[in-house]
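The next block holds one structure in the form of structure tokens; read it before the comments.
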Amino acid sequence: MDAQYDPSHELYWSKKWKEDHVFHSEIDENKPRFSMVIPPPNVTGSLHIGHALDLSLQDAVVRYKKMNGFNVCWVPGTDHAGIATQNVVERSLLKEGIKRQDIGREAFLDKVWEWKDKYGNKILDQITRLGCGVDWERLRFTMDPVCARAVRHAFKELFDQGLIYKGHYMINWCPRCGTAISDLEVTYEEEDAHLWYIRYPFEDQKGFIVVATTRPETMLGDTAIAVNPNDEHYQSVIGKFVLVPLIGRRIPVVADESVDPDFGTGAVKVTPAHDPTDFAVGQRHDLEVIQVIGLDGRMTDAAGKYAGLDRFDAREAVVNDLEKQDYLEKIEPYRHAVGHCQRCNTVVEPMISDQWFVKLTAMAPEAKRVVEDGEIQIVPDRWVKVYQDWMDNIRDWCISRQIWWGHRIPVYTCQECGYVFASEEEHVDTCPKCGGPVKQEEDVLDTWFSSSLWPFEVFGWPEQTADLKYYFPTTLLITGYDILFFWVARMVFMSTTLNKQVPFKQVFLHGLVLDEHGQKMSKSKGNTVDPMDMIDEYSADALRYALISGMSLGGQDVNFSESRIEHGKNLTNKIWNSARYVLNVVADKDLSKEPEQLSSVDRYILSRLEETKNVVVQCFDSYDFGAALREIESFYWADYCDWYIEMSKVEPTYGTYWTLRHVLEESLKMLHPFLPFITQEVWSRIGFDSYLVNETWPAPRKDFVDSVAVERLSVVKDAIRGIRNLRAELNVKPSQRIRVLLQGDLDSWSEFIPYIKFLARVEEVSQTASAVENAYSVVVGTDVFYVPLQGIVDIEKEKSRLLKQKSDLENRISVYDKRLQNNDFLNKAPKEVVEKQKEERQALEESLSQLVKRLSELGG
RNA sequence: GGGCGGUUAGCUCAGUGGUAGAGCGCUUGCCUUACAAGCAAGAGGCCAGAGGUUCGAAACCUCUACCGCCCA
């Protein structure tokens with residue numbers, strides 16, 4: 001084994017796991033079941049750091065559950081990402097000067113499939129590289145025939161139940177993507193903008209009414225002015241008519257409750273075609289709807305002389321003309337939230353059009369109930385409230401997209417009789433009623449529609465397959481809180497409606513990965529981290545370490561830093577070298593039998609191992625993965641490597657060798673969910689030809705719990721640290737061995753003297769009945785170690801050392817005294833706490849009296 | 001406007017009512033034959049502020065300030 005750990009074998013193991021179907025699951029009624037579906041990543045995408053965290057966590061759980069005897073099934077797959085994928089292919093076609101319309105729908109879709117077949121495996125390879133133990137034989141793509149079938153079935157089912165409908169409503173339109181998008185796909189950003197105050201003259205030309213707007217270009221589509229019915233200023237104008245500046249359209253002043261009297265002048269313009277609130281006002285007052293902005297973001301013919309202008313150019317032009325013609329009262333700076341397309345950041349245009357909707361308003365109560373009743377447990381539970389609030393304010397979901405790549409809406413209209421129906425069949429040519437020709441809807445479904453069926457469609461739904469019955473509902477879902485609404489909630493809607501069952505029993509929502517200063521990563525900030533670069537530079541284990549060790553129980557965001565991943569790399573090197581040492585030492589030993597004799601030091605590390613096992617299991621069971629990892633790491637590095645391995649070098653016995661090896665093996669098992677590669681590699685170096693993930697999780701060994709040994713060792717460590725500290729302070733060369741005299745019960749120390757000699761570089765420890773002249777001293781409890789040094793002992797230095805220790809002790813004791821002299825404390829605190837405090841004070845007091853004695857010997 | 005997080009060492013963060021921990025960074029000394037990707041020893045904190053509950057608060061409650069996120 002090399003002195004430095006080389007992670008290049010990671011490639012070997014990830015390939016082996018896949019080739020040997022290590023993570024393949026089959027139905028097995030004799031084992032407890034654990035099933036989970038991967039949040040399917042975008043097939044056009046590559047792994048980003050957020051995926052890496054999400055996948056590392058899932059993999060850790062999968063390995064942990066598998067080692068605990070579960071029949072684990074983790075289903076992998078990718079998402080067809082309608083708009084994103086279409087964009088990518090459109091862009092590449094455009095390089096050849098081809099528009100998708102030029103080649104038509106079918107040819108275009110062929111191109112997309114070609115593209116997918118060529119590049120769509122990238123992210124799957126990356127998942128493999130990260131070490132993920134997914135069931136590759138169950139790999140799914142959301143456009144697979146089985147998923148397409150599921151989508152059609154789900155659609156028809158919901159359509160027939162009246163839970164999907166087509167409607168003429170205001171939706172969010174992205175002019176760049178050329179499609180409707182859902183409310184969730186709009187992100188609002190605060191922007192510095194303006195409020196333009198525009199004069200609308202009354203039709204009799206006697207005065208005008210001033211309205212404030214952030215969007216002057218939409219005035220071309222104004223069909224009313226609205227004021228609040230209770231606004232005294234405007235009582236007299238309600239019912240009157242004004243003329244829209246620049247175009248002269250005659251529009252009424254209406255009274256509507258929705259108008260905020262405190263906004264602007266208290267009077268607002270109403271453009272039903274281009275604003276959701278105005279749309280509602282328009283419906284209430286039966287106003288005309290004039291669309292002045294087209295689907296391409298340019299002004300329509302209805303905009304008169306502005307027709308053809310981009311909406312933002314039109315804004316400038318309109319403002320310009322208003323100013324010229326003296327319709328502009330004033331301009332104020334104004335900060336407000338502007339909706340952008342989540343995908344391309346284009347400013348979203350509210351637009352009225354015919355779209356398909358899922359009636360979430362009808363489905364929300366059940367989705368709410370299953371969480372309320374605990375049928376689904378959301379962890380951390382603070383998300384429950386967020387989820388419930390969202391359900392309380394739910395709006396129907398616009399699912400139609402004006403693109404080609406995706407699941408085409410399975411609704412047909414008979415060209416003869418006009419019958420409209422949804423079908424589950426892949427192709428429908430004739431009307432089931434009259435046999436006439438039918439025409440299918442052109443639009444495709446929101447990608448999230450198929451994603452919402454993911455946890456059951458991957459098991460063959462709607463067929464009631466054996467897999468579906470066995471693996472569904474899934475046990476756990478792990479994903480980031482950022483897709484709670486996008487995905488998690490929608491799966492609940494779909495499953496509770498279509499299956500009358502929850503899609504998963506538990507959801508763990510983790511935080512997002514931020515940069516090292518807690519900033520969101522973004523390309524424009526230039527602070528993104530490519531996980532594959534990190535893997536290349538540091539190893540997948542190190543990356544997994546950096547991500548998971550940064551997690552805390554509350555599901556906080558994880559700050560990613562290179563220093564953390566570097567530490568992960570150091571940890572793997574530490575594991576490597578400690579294993580290298582141990583394996584070398586035990587190489588020729590037959591350690592098959594458990595030893596009959598164990599030293600205190602052996603019992604100490606075995607007992608600490610038991611404590612660690614307990615904590616780690618508790619952490620896993622409470623989804624505290626970061627703490628689990630930190631706990632094992634600290635046990636392995638601080639207890640096992642820094643103390644036990646070092647101590648094992650002193651007069652090793654069979655028990656020592658056995659313990660060295662035992663703790664190594666058990667530690668490897670506990671580390672395996674987090675660092676699968678190095679642990680597997682070392683496991684094989686031990687000589688095992690098994691996969692570590694198929695080994696059994698370390699079982700508790702109550703007989704190894706030995707608090708006395710742990711307590712003894714803590715004192716021994718204090719002695720060693722004390723002597724080391726003394727050496728360091730006095731600049732004693734590491735190579736120089738020193739003599740030590742113990743004032744105290746040598747017998748009680750005898751077992752540990754060899755360790756003290758080795759670790760504190762002590763030549764000899766002998767006993768002394770009384771204080772030693774000309775020596776430094778280390779007080780450990782009631783005992784004193786004297787260290788006479790050749791040459792002159794600096795009495796003043798020794799005194800000041802001891803005085804500092806004395807005042808530290810006195811300070812600590814005074815805190816205890818304050819507490820123990822307080823009658824309220826003595827009466828009200830639990831007895832065992834009082835006892836413990838007394839004991840602790842007593843121990844400090846004993847050390848103090850030794851110090852005082854020592855100081856008086858020095859004449860201080 | 002409504003809601004949710006956060007504020008602890010220079011930086012990034014853990015912390016379960018009983019006078020605070022880690023990693024990185026810093027100082028000092030060590031290539032001590034597992035590991036310099038390491039070892040040892042150290043320095044460094046009125047736990048954001050103010051009230052309250054409690055025998056006792058970094059932790060529980062209330063308010064304030066600031067930072068961040070989500071929703072409208």
Side-chain angles (χ1 to χ4, degrees), chain A residues 1-5 183-184 187-188 260 337 339 380 382-383 385-386 388-390 392-393 395 481-482 484-485 511-512 514-520 538 542 545-546 549-585 615 618 622 624 626-627 629-631 633-634 637-638 641-642 645-646 648-649 720-735 758-761 811-812 814-816 818-830 832-834 836-837 840:
Chain A
M1 286 171 82
D2 295 335
Q4 286 202 342
Y5 171 59
D183 298 331
L184 289 178
T187 55
Y188 290 88
D260 174 8
R382 67 188 157 92
W383 292 108
K385 231 174 94 183
V386 177
Q388 303 290 31
D389 283 352
W390 190 67
D392 287 337
N393 298 295
R395 282 176 298 174
Y481 64 71
D482 54 329
L484 175 60
F485 305 145
L512 311 181
L514 308 176
D515 79 0
E516 59 185 318
H517 297 295
Q519 301 281 311
K520 247 186 181 172
Y538 297 99
Y545 173 86
S549 70
M551 294 185 65
S552 63
L553 186 55
Q556 296 307 326
D557 292 339
V558 176
N559 289 11
F560 182 87
S561 70
E562 272 200 66
S563 79
R564 199 156 213 151
I565 192 170
E566 204 170 329
H567 184 70
K569 184 179 139 196
N570 294 352
L571 174 62
T572 54
N573 192 51
K574 190 73 184 177
I575 294 168
W576 176 258
N577 273 294
S578 50
R580 181 163 71 103
Y581 172 77
V582 171
L583 294 182
N584 190 41
V585 165
V615 174
Q618 277 169 31
S622 58
D624 197 354
L629 175 51
R630 291 188 295 267
E631 185 71 20
E633 180 197 353
S634 134
W637 199 320
C641 292
D642 287 349
I645 290 185
E646 289 309 311
S648 76
K649 293 172 182 172
I720 292 168
R721 283 200 203 96
I723 297 170
R724 282 171 169 174
N725 171 278
L726 186 78
R727 296 179 58 118
E729 279 189 35
L730 300 175
N731 295 319
V732 178
K733 284 214 172 81
S735 55
F758 181 69
L759 293 176
R761 308 200 146 244
N811 284 339
R812 296 193 55 189
S814 75
V815 173
Y816 283 94
K818 215 168 114 192
R819 197 173 292 149
L820 289 165
Q821 283 157 14
N822 183 341
N823 277 330
D824 282 334
F825 174 71
L826 296 174
N827 294 333
K828 292 181 184 170
E832 58 275 17
V833 171
V834 176
K836 206 179 141 212
Q837 299 279 319
E840 286 170 9

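Listed by chain and number, the residues in a ring pair (Phe, Tyr, Trp, His ring centres under 6.0 Å) with A/Phe485 are A/Trp390 (sequence neighbours excluded). Residues satisfying the side-chain hydrogen bond (donor to acceptor under 3.5 Å, both in side chains) test with A/Asn570, not counting sequence neighbours, are none. By the side-chain contact (heavy atoms from CB on, under 4.5 Å) test, A/Glu646 pairs with A/Lys649, A/Phe758, A/Leu759, sequence neighbours left out. Annotation: ring pair (Phe, Tyr, Trp, His ring centres under 6.0 Å) contacts of A/Tyr545 (sequence neighbours excluded): A/His567. Here A/Asp392 pairs with A/Lys368 under the side-chain hydrogen bond (donor to acceptor under 3.5 Å, both in side chains) rule; sequence neighbours left out. Applying the ring pair (Phe, Tyr, Trp, His ring centres under 6.0 Å) criterion to A/Tyr481, with sequence neighbours excluded, gives A/Trp383.
Within the nucleic acid shown, A/Lys836 has no heavy atom closer than 4.0 Å to any nucleic acid atom.
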Could you go through nucleotides 68-70 of chain B and list every protein N or O atom that sits under 3.5 Å from one of its N or O atoms, giving the distance for each pair?
unit_1: B/C70; atom_1: OP1; unit_2: A/Lys520; atom_2: NZ; d: 3.3

Polar-atom pairs under 3.5 Å, protein N or O versus N or O of nucleotides 7-9 of chain B: list them with distances, or write none.
none

Distances for protein N/O vs nucleotides 15-17 of chain B N/O pairs under 3.5 angstrom?
none

Short heteroatom pairs, N/O only, protein and nucleotides 54-57 of chain B, under 3.5 Å:
unit_1: B/C55; atom_1: OP1; unit_2: A/Lys828; atom_2: NZ; d: 3.1
unit_1: B/C55; atom_1: O2'; unit_2: A/Asn822; atom_2: ND2; d: 2.9

Scan nucleotides 30-40 of chain B nucleotide by nucleotide, 5' to 3', and note B when protein non-hydrogen atoms come under 4.0 Å of the base, S if they reach only the sugar-phosphate, - if neither.
--B-BB-BSSS
Could you summarise the pairing of RNA chain B as dot-bracket text, marking Watson-Crick and G-U pairs under 3.5 Å with ( ) or [ ] inside the strand and | across strands?
(((((((..((((....[..)))).(((((.......))))).....(((((..]....)))))))))))).
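Here the C1' atom of nucleotide B/C4 and the CG atom of A/Asn393 are 15 Å apart, to the nearest Å.
Under 4.0 angstrom from either OP1 or OP2 of B/U12 there lies at least one side-chain N or O belonging to A/His517.
Counting all heavy atoms, side chain and backbone alike, A/Lys574 lies closest to A/Cys641 at CE-CB, 3.7 Å.
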